[in-house]
Amino acid sequence: MRWLKVASVSDIPPDTARIYHLDRLLPPEGSMSTPMEVAIFKVNGTFYCLNNTCPHLGGPLGEGWVEGNVVICPLHYWEFDIRTGESPDDPTLCVTTYPCKVEAGYVYIGLEEEAEEGP
Ligand code: FES
């Protein structure tokens, strides 16, 4: 797991999200399994990170409406639990989530490092 500093805690007001383009934040070296855009939500004082791309038709989840622990996609109103990425209506519909931690006033997200390819 590699932790990437993405935002200041003050960048994300309560019960909202901000979208971050990770390709601008990643160092050029190394390889990680990386989404290009993530949405970081702050709900009840806790930060959560989802892939920003809705699995339906690619709507920007970070521009959706937050109601409790749910984000509603702005395009066709599918709903996802911000904590788990699962749809409350159909748990087989899922958005990828990434672990978050806060250190020294910054939000970090955890990304899996890809295994090195052998010879
Ligand atoms: S793109 Fe999100 S519900 Fe259709």
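Atoms within a ligand are numbered from 1 in the order they appear, just like the ligands themselves. Only this structure's heavy atoms are used, side chains among them; waters, hydrogens and symmetry mates stay out.
- Checking His56 against atom 2 (Fe) of ligand 1, every N/O/S atom stays at or beyond the 2.8 Å cut-off.
- For residue His76, no N/O/S atom approaches atom 2 (Fe) of ligand 1 to within less than 2.8 Å.
- Of the inter-residue distances, the one linking Ile12 atom CD1 with Phe47 atom CZ reads 5.0 Å to the nearest 0.5 angstrom.
- Taking every non-hydrogen atom of Trp78 and a distance limit under 4.0 Å, the qualifying atoms of ligand 1 come out as 3 (S).
- A side-chain donor-acceptor contact under 3.5 Å links Asp11 to the backbone of Ser8.
- Screening Val38, Leu4, Asn52, Val107 against Tyr20 for a side-chain contact (heavy atoms from CB on, under 4.5 Å) leaves a single residue, Val38.
- Close approach of ligand 1 to Cys54 (heavy-atom distance below 4.0 Å) involves ligand atoms 1 (S), 2 (Fe), 3 (S).
- Annotation: the span from Ile40 atom CD1 to Cys49 atom SG amounts to 5.0 Å, rounded to 0.5 Å.
- A 4.5 Å side-chain heavy-atom check between Glu79 and Ile72 finds at least one atom pair inside the cut-off.
- In this structure, of Cys73, Gly64, Ser87, Gly59, the residue bringing a heavy atom nearest to atom 2 (Fe) of ligand 1 is Cys73.
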